[in-house]
Structure formats: structure tokens, C-alpha cells
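To start, the structure itself, in C-alpha cells.
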Amino acid sequence: MLTPSNNFKSQHGGIQLRSLFWGAARASFQAEFRRYMNEMKDLSSNAHKWLMELPLHTWARHKFDQRVKNDHVTNNITESFNNWVGDLRQKPIVTFVDCIRRKLMKMLQNRYEKGSTWSTIVTPNTMKKLEKIKEKARHCDILFAGGDEFEVKEGTIRFVVMIDRRTCSCGVWEISDIPCKHGIAALLHMRLNVHYYCSAYFRKNNYLEAYGEMIHPLLDESMWP
């Protein structure tokens with residue numbers, strides 16, 4: 001599968017250019033994105049022009065559709081699916097589809113059983129992500145303005161956090177719907193449970209609902225009417 005990163009790498013080589021590309025792609029707010037792109041333009045105007053001709057919402061995180069609640073900037077999901085399918089892609093189409101059906105049947109049941117054992121509000125993967133963000137939040141300087149508003153400083157840059165709106169001027173909270181490090185710093189300052197400020201998409205009950213349906217077993221083809 002061709003992606004902006006693969007195409008960029010093939011047409012505009014060099015470690016520094018690739019580093020600037022990924023910096024721009026992962027930037028969560030406009031000023032950060034512009035800084036990386038300006039550096040790229042100084043280094044290679046052709047690379048800058050080529051990249052800016054691509055629709056930003058397809059590769060730049062700060063322009064992602066906020067309804068999606070996903071901030072991944074890679075195509076790892078495609079690679080994961082290809083690995084999951086494995087050698088089945090060599091099978092005849094009817095055999096291929098039936099094998100996929102069986103794999104999905106097993107996956108749905110296994111994930112539902114696993115999810116039923118969790119005792120947390122959010123899924124374990126979300127828990128791990130939150131713990132990493134909490135560590136980063138320790139380095140933020142918090143200034144409580146009142147109500148639900150905070151000014152959070154990270155290094156030399158200030159961000160505005162509004163807890164009730166679940167927003168931060170860094171953009172990460174709105175894109176992923178998981179509190180960013182500035183948001184978590186504010187939530188911990190107010191002694192609030194950060195789990196309740198994650199999207200419902202990441203909660204255990206919705207995970208169970210997603211995997212709670214079953215794919216019913218099929219009779220062998222020799223027994224069909």
C-alpha cells in the first residue's frame with residue numbers, strides 16, 4: 001500500500017527531511033506543524049511543495065477528523081491485517097472467506113471472554129497509554145484559573161485546558177479523546193479520575209458490546225440443502 005510516508009521517502013531522501021516529515025505529521029497543533037514545515041522548506045522547497053499538495057487530513061494529525069477519535073499517523077493497521085491473514089491469501093476465494101469467518105468467530109469469543117475479566121473502567125491498552133501520559137504530565141507547570149480552566153506550561157509553551165469541554169489548545173485531547181499530558185496534569189490537580197474523561201469508545205462496557213455478538217457456526221457444505 002502506498003502511503004505519504006513511503007512516497008516521501010522514495011522521492012525525497014535524507015534523514016533530516018524524513019525527521020521533519022514525521023515531526024509535521026505528528027504535530028497536534030498548527031504552530032508546531034508550521035514550524036516543522038518551514039524548516040523543511042528551508043532545506044528543500046521541492047519536498048515542501050510536494051507534501052503541501054497532499055490533502056492535510058490524510059497525513060497531518062492536527063487536521064484529522066475529530067469524530068474518528070484516532071491519532072495514528074501510520075498504516076500499521078493494514079500491516080497487522082496482512083499478518084493476521086497470513087498464507088490464507090493464497091487460498092481459493094471460497095476457502096479464503098470461510099477461513100476468515102472461522103478466525104473472526106474465534107477472535108470475537110476470545111476477546112469477549114478476555115474483556116469480561118477486566119475490573120477497570122477503560123481497557124488495559126488505554127490504561128497503559130494513560131500511565132505513560134501521566135509520567136509526562138509530571139513535568140508540566142499548572143496554573144489554575146478557576147472553574148474548569150487551567151493554564152499549563154510545558155517548557156516554554158503555554159496551553160489552555162478546559163476540563164468540562166475536554167479540550168486543550170495542544171489539540172491532542174480533541175483528536176484522540178484521551179486526555180493529553182496537559183489535561184491529565186489539570187485533572188490530577190483537581191483530584192479527578194482521568195478514566196472518566198476518556199471517550200466512551202475506550203471503556204470496558206463498550207468493548208464488551210463490540211465483541212458480544214457471535215458469528216453462528218455453519219454446517220459442512222456436504223450437509224447443505
Side-chain angles (χ1 to χ4, degrees), residues 1 3 25-26 28 57-58 61 64-89 91 94-138 148 161-168 170-220:
M1 172 184 244
T3 65
R26 295 186 174 115
S28 61
H57 70 274
T58 64
R61 182 169 71 151
F64 285 178
D65 187 340
Q66 295 181 2
R67 296 171 298 176
V68 177
K69 310 305 179 191
N70 192 311
D71 62 351
H72 287 184
V73 292
T74 69
N75 68 329
N76 289 346
I77 188 171
T78 305
E79 296 169 6
S80 296
F81 177 77
N82 288 334
N83 290 334
W84 184 70
V85 171
D87 294 335
L88 290 180
R89 63 172 61 88
K91 303 286 185 181
V94 175
T95 304
F96 173 79
V97 171
D98 190 57
C99 289
I100 292 294
R101 177 191 65 83
R102 289 172 57 84
K103 285 173 73 71
L104 286 171
M105 181 189 294
K106 181 178 180 180
M107 183 189 75
L108 288 176
Q109 181 57 24
N110 286 348
R111 292 193 176 183
Y112 184 81
E113 288 181 357
K114 179 176 68 174
S116 298
T117 66
W118 299 338
S119 59
T120 54
I121 297 170
V122 296
T123 65
N125 282 341
T126 306
M127 285 280 292
K128 291 177 184 177
K129 189 169 186 176
L130 287 170
E131 289 304 314
K132 290 180 180 179
I133 300 172
K134 282 181 183 179
E135 286 300 314
K136 296 177 181 178
R138 299 179 188 276
D148 73 323
V161 173
M162 296 187 178
I163 290 177
D164 291 347
R165 299 181 191 179
R166 302 187 182 193
T167 63
C168 175
C170 79
V172 172
W173 200 343
E174 294 94 309
I175 295 169
S176 66
D177 223 355
I178 292 177
C180 60
K181 51 192 166 185
H182 317 111
I184 283 186
L187 290 169
L188 294 178
H189 179 84
M190 298 296 286
R191 300 184 184 279
L192 296 171
N193 188 335
V194 298
H195 298 170
Y196 290 114
Y197 289 85
C198 295
S199 170
Y201 296 150
F202 305 111
R203 295 187 181 179
K204 170 189 171 180
N205 59 331
N206 281 332
Y207 181 96
L208 292 177
E209 188 174 347
Y211 293 105
E213 297 295 330
M214 71 167 70
I215 295 177
H216 297 280
L218 292 179
L219 285 171
D220 184 76

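Index from 1, following the sequence. Note: hydrogens, waters and symmetry copies are ignored here, and every other heavy atom, side chains too, is used.
- Partners of Leu208 under the side-chain contact (heavy atoms from CB on, under 4.5 Å) rule, at least two apart in sequence or in another chain, are Tyr112, Ser116, Lys204.
- Within the model, atoms CD1 of Ile215 and CG of Leu108 stand 5.0 Å from one another, a figure rounded to the nearest 0.5 Å.
- In this structure Arg138 satisfies the side-chain hydrogen bond (donor to acceptor under 3.5 Å, both in side chains) test together with Glu135, sequence neighbours excluded.
- Atom NZ of Lys69 sits about 8.5 Å away from atom CZ of Phe202, to the nearest 0.5 Å.
- Closest of all the heavy-atom pairs between Thr117 and Lys114 is OG1-O, 2.6 Å.
- With sequence neighbours left out, the side-chain contact (heavy atoms from CB on, under 4.5 Å) criterion links Lys106 to Asn110.
- Within the structure, side-chain hydrogen bond (donor to acceptor under 3.5 Å, both in side chains) contacts touching residues 120-130 (residues at least two apart or in different chains) are Thr123-Thr126.
- Nearest heavy-atom pair, Asp164 versus Asp148, reported as atom, atom and distance to 0.1 Å: N-OD2, 2.9 Å.
- The two residues Leu104 and Trp84 have their closest heavy-atom pair at CD2-CH2, 3.8 Å.
- A search for ring pair (Phe, Tyr, Trp, His ring centres under 6.0 Å) contacts involving Phe64 returns nothing, not counting sequence neighbours.
- Side-chain atoms of Arg102 never come within 3.5 Å of backbone atoms of Pro217 as a donor-acceptor pair (strictly under, hydrogens ignored).
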I'd like a table of donor-acceptor pairs (distance under 3.5 Å, sequence neighbours excluded) in which one partner is a side-chain atom from residues 170-186, with atom names and distances.
residue, atom, partner, partner atom, Å
Trp173, NE1, Tyr197, O, 3.4
Glu174, OE1, Cys168, N, 3.3
Ser176, OG, Val172, O, 3.0
Ser176, OG, Ile178, N, 3.2
Ser176, OG, Ile178, O, 3.3
Lys181, NZ, Glu154, OE2, 2.7
His182, NE2, Glu154, OE1, 2.8

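- Residues passing the salt bridge (charged side-chain N to carboxylate O under 4.0 Å, His left out) test with Arg101 are Asp98, sequence neighbours excluded.
- Residues that satisfy the side-chain contact (heavy atoms from CB on, under 4.5 Å) test with His195, not counting sequence neighbours, are Ile121, Val122, Met127, Leu130, Asn193.
- Contacts of Asp87 classified as salt bridge (charged side-chain N to carboxylate O under 4.0 Å, His left out), with partners at least two apart in sequence or in another chain: none.
- Partners of Glu113 according to the salt bridge (charged side-chain N to carboxylate O under 4.0 Å, His left out) rule, which considers only residues two or more places apart in sequence or in another chain, do not exist here.
- Atom CD of Gln66 and atom OG1 of Thr167 lie 10.0 Å apart (nearest 0.5 Å).
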Inset, instruction - Verify side-chain contact (heavy atoms from CB on, under 4.5 Å) between Tyr201 and Val68, making sure each step is shown before the conclusion. - result: CA-CA 10 Å; Tyr201 296 150; Val68 177; over 6 Å; no
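- Taking the side-chain contact (heavy atoms from CB on, under 4.5 Å) definition, one finds that Asn83 meets it with nothing, sequence neighbours left out.
- When the salt bridge (charged side-chain N to carboxylate O under 4.0 Å, His left out) test is applied to Glu131, the partners found at least two apart in sequence or on another chain are Lys134.
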Inset, instruction - List the steps, then state whether side-chain contact (heavy atoms from CB on, under 4.5 Å) holds for Arg89 with Asn82. - result: CA-CA 9 Å; Arg89 63 172 61 88; Asn82 288 334; 3.4 Å; yes
